[in-house]
Number of protein chains: 2
Amino acid sequence: MDATTERLLAAAREIFEEEGFRGATTRKIAARAGVNEVTLFRHFANKEELIGAAIERGHREAVERLAAHPLPAAPRDLEAELRPYLRLVLRAFSASGRGVRTALAEWEHLPAFHAWLMGPSEAVLAEIERYLRAAAGSGLLRPGADPAAVTHLLVAALFSHGLLPAMMPERFEGGAEASFERCVDVVLDAIRPDRDRRSDQ
Amino acid sequence: MDATTERLLAAAREIFEEEGFRGATTRKIAARAGVNEVTLFRHFANKEELIGAAIERGHREAVERLAAHPLPAAPRDLEAELRPYLRLVLRAFSASGRGVRTALAEWEHLPAFHAWLMGPSEAVLAEIERYLRAAAGSGLLRPGADPAAVTHLLVAALFSHGLLPAMMPERFEGGAEASFERCVDVVLDAIRPDRDRRSDQ
DNA sequence: GGATACTGAAAGCAAGTGCTTGCATGATAG
DNA sequence: CTATCATGCAAGCACTTGCTTTCAGTATCC
């Protein structure tokens, strides 16, 4: 792809994530791309098309990165399989936390981008739920554990640990990742079959 | 308080929650308040002061409403005490979901309002953690259960169930509240002392 | 060398923005 | 009745924003 187009897309994505649709002016985007504003309009019909393309590309890449490290099709060990996956997702999520917050706020104003905006979250949710259902089928989950509810809990933990630490860091002493791991501990402990239950301390 | 001031504050809060700081123009706010734009500047020095006052008032009210229904000082029954409290908070949170999303996005641009914006969340977090620590002291929690981690999990569930259903409703079939209750089930079950453990189904 | 394609610089335009000024009007208090 | 006060209305100002037009420079391909 054209190098100028590339730089424009990257700049558009950065500024949109920081400032939202309204704040991402064509002048700012062109400046960060090191390009004349006129050139911007020679490559994209208008501002909406540019930002749309930038969002689409960014989220397509995110989905691809996630798909490159899927959970196993046949669950064997929740601790060894689910935890590293969640760690990976949290890291990706935290990295794009600023953009996620912007997307949340602009939701109603960007109906054309809904599919792209939710793509990564949808993918993670579906992947975890599929895995947990398979695990339940293999007897790796405590009978009575609800895979859908557990999925929602884990996604909720991902969500809040990806967004909140930037805003209330004093509540995440020891780091967001450590706090997240402790939350995963609680969930994994809740769904482990009784015979395996931890009784430390 | 002056009726005009009142209407201006209400209008400012509504439009700020829908459109953010940049989108909340003084003309829009004045129009929704049914007031001339000049009158707006006769009541508030500038746009920032108006929106700041609107946010401050809204969140102070939220904190007061939460403080009116606290968790008991001495925990006796997690199921009977914690669950209704969480239900209440979720309802309040969902009602202001639109505003929360805007606040998340505008975070970096509104440093003057940080304290007010995080107030309600901080209050809920502190209240739950206090309660759970007391519960742990009374032997109502399974030994080894980490009150801080459980608090984070519950707040995460509140957070995601307050925000996400508006954006991916098909993932919350049966309603956000039902999904939330199932998440609370998982958490409560995780921290219950072993002797009380559910073994239904 | 000439045609083509991409770019930058300068200027501008129509709409919208925060905010101000000047003046007229109606209600309220003394 | 008069003085005060809050408000509405019209106009405007300086600035930003999305987007356009015109012209000139430069690299590439044949």
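Each chain gets a letter, A, B and so on, in the order its sequence line appears, and its residues count up from 1.
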Original post:
Going 5' to 3' on DNA chain C, which nucleotide is the first and which the last to come under 4.0 Å of a heavy atom in chain B?
Top reply: C:dT17 to C:dG22
Subject >> Pairing residues for A:L78 by the side chain to side chain contact (heavy atoms under 4.5 Å, CB included) criterion, not counting sequence neighbours >> reply: A:Y131, A:A135, A:L141, A:L188, A:I191
**OP:** Would you tell me if any nitrogen or oxygen in the side chain of B:T39 comes within less than 4.0 Å of OP1 or OP2 on D:dA6?
**Re:** no
Original post:
Just to confirm, is there a sub-4.0 Å distance from OP1 or OP2 of D:dT7 to any side-chain nitrogen or oxygen of B:H43?
Top reply: yes
Subject >> By side chain to side chain donor-acceptor pair (under 3.5 Å) - contacts of B:E48 (at least two apart) >> reply: none
**OP:** Using the test side chain to side chain contact (heavy atoms under 4.5 Å, CB included), find all partners of B:S94 that sit at least two apart in sequence or belong to another chain.
**Re:** B:L90
Original post:
Charged N to carboxylate O below 4.0 Å: is that the case for A:R32 and A:E18?
Top reply: yes
**OP:** List for me each residue that meets salt bridge (charged side-chain N to carboxylate O under 4.0 Å, His left out) alongside B:E64, sequence neighbours excluded, and say none if there are none.
**Re:** none
Original post:
Sequence neighbours excluded, which residues qualify as salt bridge (charged side-chain N to carboxylate O under 4.0 Å, His left out) partners of B:E127?
Top reply: B:R130
Original post:
Can you give one letter per nucleotide of nucleotides 19-28 of chain D, going 5' to 3': B for a protein heavy atom under 4.0 Å from the base, S for sugar-phosphate only, - for none?
Top reply: BBBB------
Subject >> Residues forming a side chain to side chain donor-acceptor pair (under 3.5 Å) with B:R182, sequence neighbours excluded >> reply: none
Original post:
Excluding sequence neighbours, so at least two apart, what forms side chain to side chain donor-acceptor pair (under 3.5 Å) with B:H161?
Top reply: B:S179
Original post:
Which residues within residues 7-25 of chain B lie with some heavy atom under 4.0 Å of an atom in DNA chain D?
Top reply: none
Subject >> With sequence neighbours excluded, residues passing ring pair (Phe, Tyr, Trp, His ring centres under 6.0 Å) with A:H114 >> reply: A:W107
**OP:** Could you check how far CD of B:E6 sits from P of D:dT7, rounded to whole Å?
**Re:** 13 Å
Original post:
Which residues pass the salt bridge (charged side-chain N to carboxylate O under 4.0 Å, His left out) test with A:R22, sequence neighbours left out?
Top reply: B:E19
